[in-house]
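I have placed the structure first, in the form of C-alpha cells, so that the comments after it can refer back to it.
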2 protein chains.
Amino acid sequence: MSTTALELSASLEDYLEAIYQVIAERGEARAKDIADRLSVAASSVTNALQGLVKRDLINHEPYDLITLTNEGERVARDVVHRHEVLANFFTEVLSVDEKTATDCACKMEHIVGDVILERLIAYIEYNRQSGNGNATWVEGKGFVQDA
Amino acid sequence: MSTTALELSASLEDYLEAIYQVIAERGEARAKDIADRLSVAASSVTNALQGLVKRDLINHEPYDLITLTNEGERVARDVVHRHEVLANFFTEVLSVDEKTATDCACKMEHIVGDVILERLIAYIEYNRQSGNGNATWVEGKGFVQDA
DNA sequence: ACCTTTTTTTAGTCATAGCTAAAATAGAGC
DNA sequence: GCTCTATTTTAGCTATGACTAAAAAAAGGT
C-alpha cells in the first residue's frame with residue numbers, strides 16, 4: 001500500500017518558508033506574522049496551514065502557535081537553501097542587484113531541480129576560487145575579466 | 001481610460017508557445033496539434049484558445065485554424081527566446097544534459113525577468129569568446145578549466 | 001472580572017485550469 | 001449527397017488558492 005505523498009505546491013512552499021523564517025527571527029510563529037510577510041489575507045493563511053498540517057509539515061491546533069515537524073523543517077531548509085544558492089548566483093556570478101536577484105530566486109526556488117542546483121553551487125565555488133580572475137558585469141561593456 | 005492589459009499566465013504562455021512552434025513546423029496549427037504537444041485534453045485547448053483570443057494574441061473562429069496576431073507572434077517569440085537562452089545556459093555553461101536543461105527552461109521561461117536574461121546572454125557570450133579557456137563540468141571533479 | 005481590540009477561523013465567492021462525457025461540426029470515402 | 005470518423009466545442013465537475021465578511025476565540029487594559 002503505497003501512500004502517494006501529497007505534492008507540495010509553490011504556494012505551500014512559500015508558506016512553509018515564511019514559517020521557518022519567522023520562527024528563526026522571532027522564536028515563534030503566529031498566523032498574523034505569516035500573513036504580514038506574504039502580504040495575504042489572514043484567512044488565506046488558515047487555509048494554507050491546513051494544507052501543511054495535512055502533509056505533516058507543521059503542527060498546528062486552531063488558535064495556537066505554529067511549529068515545524070521534522071519533515072517540515074527539512075523541507076523548509078531545502079527551500080531556503082535553493083533560494084540562497086540562486087540569489088547568490090545572480091549576485092555573485094551575474095552581478096545582478098539584490099532586489100532583482102531576490103525576486104527571481106523567490107520564484108525559481110520552487111522550480112529548479114537538484115542537478116542544476118548542484119551545478120550552480122559548483123560553478124559559484126569555481127568562480128570564487130579560480131586564481132586567474134573572474135568576469136564581472138560592467139555597464140555598457142558586458143562581462144569583463146577582473147584585473 | 002487605461003485598459004489594464006489582461007495578464008498572461010504561465011499556462012497560457014505555454015499554449016502560445018506551442019501554437020508558435022506548431023505553425024513553424026507544420027505551417028498551420030489546429031487544436032489537436034496543441035493538445036498532443038502539451039499532453040492535455042482537447043477541451044483544455046479550447047479553453048486556453050478563448051483566453052488567448054480575449055487577450056488578442058491569436059485569431060481563432062470556432063472549428064477554424066489558429067493564427068497568431070502580430071502581438072501574439074511578438075510575445076511567442078519572446079517566450080521562445082527566453083527558453084532558448086536558458087536552455088543554452090544550462091547546457092553551455094553548466095554542462096547539464098539536454099533533457100534536464102529543457103525541462104527546467106520550460107518552467108523558468110515564464111519567470112525570468114529581462115535583467116537576468118540579459119546577463120545570461122552576455123555571460124554565455126563572454127564564456128564563448130574568452131580566449132583563456134572556460135570551465136567545464138567533469139563528473140567527480142566539479143568545474144575544471146579547459147585545456 | 002468585564003469590555004474592547006486583535007487574531008483566527010469559518011463560510012461563501014471568484015478565477016484559473018485541468019478533466020470527462022456528450023453534443024456539434026467538419027472532412028473523407030463511397 | 002450521405003454516412004462514418006475525427007475534431008472541436010459545450011457543459012459540468014474538480015482542485016487550488018486567493019478574497020471578503022462575519023463569527024468565534026484569545027489577549028489586554030482598567
Side-chain angles (χ1 to χ4, degrees), chain A residues 3-19 22-23 25-68 75 79 106-107 109-111, chain B residues 3-19 22-23 25-68 75 79 106-107 109-111:
Chain A
T3 337
T4 308
L6 251 353
E7 275 188 25
L8 193 57
S9 65
S11 170
L12 287 186
E13 264 186 27
D14 278 333
Y15 281 99
L16 191 65
E17 187 183 19
I19 291 165
V22 168
I23 291 177
E25 287 168 22
R26 299 217 194 331
E28 57 179 48
R30 281 170 303 132
K32 183 67 165 28
D33 304 319
I34 312 304
D36 289 347
R37 176 172 290 246
L38 297 181
S39 300
V40 294
S43 61
S44 302
V45 176
T46 303
N47 211 278
L49 293 183
Q50 289 164 359
L52 292 172
V53 166
K54 202 158 39 177
R55 287 167 181 77
D56 278 316
L57 297 172
I58 62 169
N59 308 114
H60 181 239
E61 297 297 316
Y63 297 101
D64 209 351
L65 290 178
I66 306 156
T67 59
L68 294 164
V75 175
V79 175
C106 275
K107 296 175 204 151
E109 67 196 17
H110 311 295
I111 285 177
Chain B
T3 337
T4 307
L6 252 352
E7 275 188 24
L8 193 58
S9 65
S11 169
L12 287 186
E13 264 186 26
D14 278 332
Y15 282 100
L16 191 65
E17 188 183 16
I19 292 165
V22 168
I23 291 176
E25 287 167 21
R26 299 217 194 331
E28 59 180 47
R30 281 169 303 129
K32 183 67 166 28
D33 303 319
I34 312 302
D36 290 346
R37 175 171 292 245
L38 297 181
S39 299
V40 294
S43 59
S44 302
V45 176
T46 304
N47 211 278
L49 294 182
Q50 288 164 359
L52 292 171
V53 166
K54 204 159 38 177
R55 287 167 180 77
D56 277 316
L57 296 171
I58 62 169
N59 309 113
H60 180 240
E61 296 298 318
Y63 298 100
D64 209 351
L65 289 179
I66 306 156
T67 59
L68 293 163
V75 175
V79 176
C106 274
K107 298 174 202 150
E109 68 196 14
H110 310 296
I111 284 178

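Convention: sequence-line order gives letters A, B, ...; per-chain numbering from 1. What you see is a predicted model; the values in this text were computed from it and never measured.
Counting any heavy atom pair closer than 4.0 Å across all strands shown, B:V40 reaches sugar-phosphate atoms only and no base atom. Counting non-hydrogen atoms under 4.0 angstrom, A:S44 reaches a base of the nucleic acid. Across all strands, B:A31 comes closer than 4.0 Å only to sugar-phosphate atoms, never to a base (heavy-atom distances).
For the pair B:D14 CG and C:dA17 P, the computed distance is 10 Å after rounding to whole Å. The interatomic distance linking A:Q50 (CD) with C:dT9 (P) rounds to 8 Å, in whole Å. Counting to the nearest Å, the P atom of C:dT10 and the CG atom of A:N47 are 10 Å from each other. Computed from coordinates, the B:K32 NZ to C:dA26 P distance equals 19 Å when rounded to whole Å. A straight line from CG of B:L49 to P of C:dT16 spans 15 Å, rounded to a whole angstrom. Note: CZ (A:R37) to P (C:dT7) measures 17 Å, nearest angstrom. For B:L38 and C:dA17, the CG to P distance is 13 Å, given to the nearest whole Å. Straight-line distance from the CD1 atom of A:I34 to the C1' atom of C:dT9: 16 Å, rounded to whole Å.
Residues satisfying the side-chain contact (heavy atoms from CB on, under 4.5 Å) test with A:S43, not counting sequence neighbours, are A:A41.
When distances are taken from the side chain of A:T46 to each of C:dT9, C:dC19, C:dT16, the shortest belongs to C:dT9.
Between B:R55 and B:E7 the shortest heavy-atom distance is NE-O, 2.6 Å. Summarising the geometry of A:A48 relative to A:L12, their closest heavy-atom pair is O-CD2, 3.7 Å, with the distance given to 0.1 Å. Closest of all the heavy-atom pairs between A:I66 and A:I23 is O-CD1, 3.8 Å.
For the segment residues 57-66 of chain A, residues with any heavy atom less than 4.0 angstrom from an atom of DNA chain D are, sorted by number, A:Y63.
In summary, of the residues considered (A:V53, A:T46, A:T67), a side chain to side chain contact (heavy atoms under 4.5 Å, CB included) with A:H60 occurs for A:V53 alone.
Taking the side chain as every heavy atom from C-beta outward, B:L49 and B:I19 approach each other to under 4.5 Å. Between B:I58 and B:Y15 there is no side-chain heavy-atom pair separated by less than 4.5 Å. At a threshold of 4.5 Å between non-hydrogen side-chain atoms, the residues B:H110 and B:D14 count as touching.
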Note to self: Is there a side-chain contact (heavy atoms from CB on, under 4.5 Å) between B:L8 and B:L52? Walk through the geometry before answering.
What the structure shows: CA-CA 9 Å; B:L8 193 58; B:L52 292 171; 4.1 Å; yes
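You can see that DNA chain D meets the heavy atoms of chain A within a 4.0 Å-exclusive cut from D:dG17 to D:dA26, reading 5' to 3'.
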